[in-house]
Protein chains: 2
Amino acid sequence: MTATTLHEPAHREALWELEAAFDRGDLVTLFGTCTVEYDGRAASSLGPGARLLVLKPDGSSLVHTDEGRTPVNWQPPGSEHRAAVRDGRLRVRSVRTSPAETLDVRFSVVEQLTAYGVTGGRSVEVIGSEADLKERVLADPALVEDGFEPLASERASDAGPIDVFGRDAAGRPVVVELKRRRVGPDAAGQLARYVSAIEREEPDGTEVRGVLLAPSITDRARALLADEGLEHVAAEPPAGNGDGDADAADADGS
Amino acid sequence: MTATTLHEPAHREALWELEAAFDRGDLVTLFGTCTVEYDGRAASSLGPGARLLVLKPDGSSLVHTDEGRTPVNWQPPGSEHRAAVRDGRLRVRSVRTSPAETLDVRFSVVEQLTAYGVTGGRSVEVIGSEADLKERVLADPALVEDGFEPLASERASDAGPIDVFGRDAAGRPVVVELKRRRVGPDAAGQLARYVSAIEREEPDGTEVRGVLLAPSITDRARALLADEGLEHVAAEPPAGNGDGDADAADADGS
DNA sequence: TACTAAATGTCGGTA
DNA sequence: TACCGACGTTTAGTA
């Protein structure tokens, strides 16, 4: 793990270091005054301002201002970074094909450039996802209702994969759609589509039930469910959800 | 615009600089070996590894590895950053309430810390959005079909706001749902909900038409539309979309 | 590669 | 603040 840093480099210096960093597969940050042009699925243009540019060896680029979780402009992985000096500015361009997209960042001033040698970026395991809720339901089908018997998960249908499919105590087919958080009209619509698909599969006249399993539901979604004769059952994904206490308290240092 | 950089600082040094940077409202980057714990709407835990932590004065935090556009962990704006030294590690914690969420980053080694003084982050104007498509349709209603007359945009309904509402040459109500890109089943469902809502508003038996205006449509979505007696019309948002040539060619520097 | 839906989605507008 | 839908969504899983 190393970090090579240039303070207020001349554009030529920055360029050399950038190209070396790309070759090494480093993670690079650039901070300075720049303009940003994007063209591809959409297009945007950003006037001069102070921004942080992050360039990853997998081709991702991120342009961050001092606000917001979302980068003001970006390029997804799979792009290719190139750098050049043009018209007295340092230009960093990330290009990808399919779709054809170009991100152009032009620095009039580079305050700092740093190249970090990185090794291994493990991916996260998140707890409390819809998949966890599914495990919970399969382990305890009574969460849906007494007598519910799950027969399949991710069951294919004409309308797409059904989270959990089963039968109720009376033998009627039941489509269960799981959501890890409070749901709106879209989820009700999704469930309705799946129920319709199963109704087309089953013999004419078979009653197919639909259950939206989610912590809570908006009024509009509830009305939609009622319209379609569908049901809401309250349940949450296990654990993780809630207090936000990453670990026990201790005061901040000083 | 300034940058204060510490190389391989002792945790205490890093802590002082961090707190000073928070006070100044600086944008901070930390690179080093750290673990990450998140707890809130969900939860996750990440073992030791080399990562880049970005702390923004608006409360946002981003933990980036060397891969991916999406941070491996994060905290949205509105959080509060605090730092401490505990058990021989530098701990940076971002906390927010509503929902209660905590992000805990613990560095065993800090390779580099930089505090950037930033001023003013203008927001981007994107060209080629759904809003632009709406402008296009209102300016040229024949895009929907000859004789279409738009009466309202963002028209309120029982099922939510309708992008464009109008009447066809025969005086029948038409619901138009706009999408800037190729659509799937969800968009078809959305249009169906809006059409149903208008049918409830209109006198019994009134035929209400639904048009999904989008560049293209998947098979499944097309089948859903057919099921509901709805239509697809091909159209794209104006400009921006396409070649990905941010500006004319020139080779990269060397 | 295309389709389908999840996501700690985030973000903006509105009631 | 909650609801609602767009987003250059991104990402993962599957056919």
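Note: hydrogens, waters and symmetry copies are ignored here, and every other heavy atom, side chains too, is used.
The CD-C1' distance, from E177(B) to dC7(D), rounds to 14 Å in whole Å. Between E236(B) atom CD and dG8(D) atom P there is a gap of 16 Å when expressed in whole angstrom units. Rounded to whole angstrom, the span from the CD1 atom of I127(B) across to the C1' atom of dC7(D) amounts to 16 Å. One interatomic measurement links the two molecules: CD1 of I162(B) to C1' of dC4(D), which rounds to 14 Å at whole-angstrom precision. What separates NE2 of H64(B) from P of dT10(D) is a distance of 13 Å, to the nearest Å. Remark: C1' of dA6(C) and CG of L178(A) are 12 Å apart, rounded to the nearest angstrom. With rounding to whole Å, R220(A) atom CZ is found 12 Å from dA2(D) atom C1'. Put simply, NZ on K134(B) is 12 Å from C1' on dG5(D), counting in whole angstrom units.
Nucleotides dA5(C) and dC7(D) are separated by 16 Å at their C1' atoms, to the nearest Å. Comparing dT4(C) with dG8(D), their P atoms sit 23 Å apart, to the nearest whole Å. Across dC11(C) and dT11(D), the matching P atoms stand 16 Å from one another, rounded to whole Å.
Note on T218(B): every side-chain N or O is 4.0 Å or more away from OP1 and OP2 of dA2(C). The side chain of Y194(A) places an N or O atom within less than 4.0 Å of a non-bridging phosphate oxygen (OP1 or OP2) of dA5(C). For dA5(C), one of the phosphate oxygens OP1 or OP2 lies less than 4.0 angstrom from a side-chain nitrogen or oxygen of R193(A).
Residue contacts shown for P99(B) are absent, as no nucleic acid heavy atom lies under 4.0 Å away. Counting non-hydrogen atoms under 4.0 angstrom, A221(A) reaches nothing in the nucleic acid. Within 4.0 Å (heavy atoms only), A187(A) reaches no atom of the nucleic acid at all. When heavy atoms are screened at a 4.0 angstrom cut-off, Q190(B) is found touching the sugar-phosphate backbone but no base atom.
Here R182(B) pairs with nothing under the salt bridge (Lys or Arg N to Asp or Glu O under 4.0 Å) rule; sequence neighbours left out. In terms of the salt bridge (Lys or Arg N to Asp or Glu O under 4.0 Å) criterion, D163(B) has no residue partners (sequence neighbours excluded).
The pair E67(B)-K56(A) does not meet the salt-bridge criterion, since no charged nitrogen lies less than 4.0 angstrom from a carboxylate oxygen. Between R106(A) and D104(A) a salt bridge is recorded (basic side-chain N to carboxylate O distance below 4.0 Å). In summary, E130(B) and R180(B) do not engage in a salt bridge, as defined by a charged side-chain N under 4.0 Å from a carboxylate O.
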Step-by-step side-chain contact (heavy atoms from CB on, under 4.5 Å) determination, R93(A) to R91(A)
CA-CA 6 Å; R93(A) 181 179 279 188; R91(A) 190 193 67 200; 3.7 Å; yes
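Taking the centre and axis of the six-membered ring of F107(A), the NZ or CZ atom of R89(A) falls outside the cone set by 45° and 6.0 Å.
The number of heavy-atom neighbours closer than 6.0 Å to CD of E80(A), taken from other residues, nucleotides and ligands shown, is 12 or below.
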Quick one: what's the B/S/- string for nucleotides 7-15 of chain C, heavy-atom cutoff under 4.0 Å, read 5' to 3'?
SBSSS----
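Take the nearest nucleotide of DNA chain D for R182(A) and for D163(B): the residue whose nucleotide is more 5' is R182(A).
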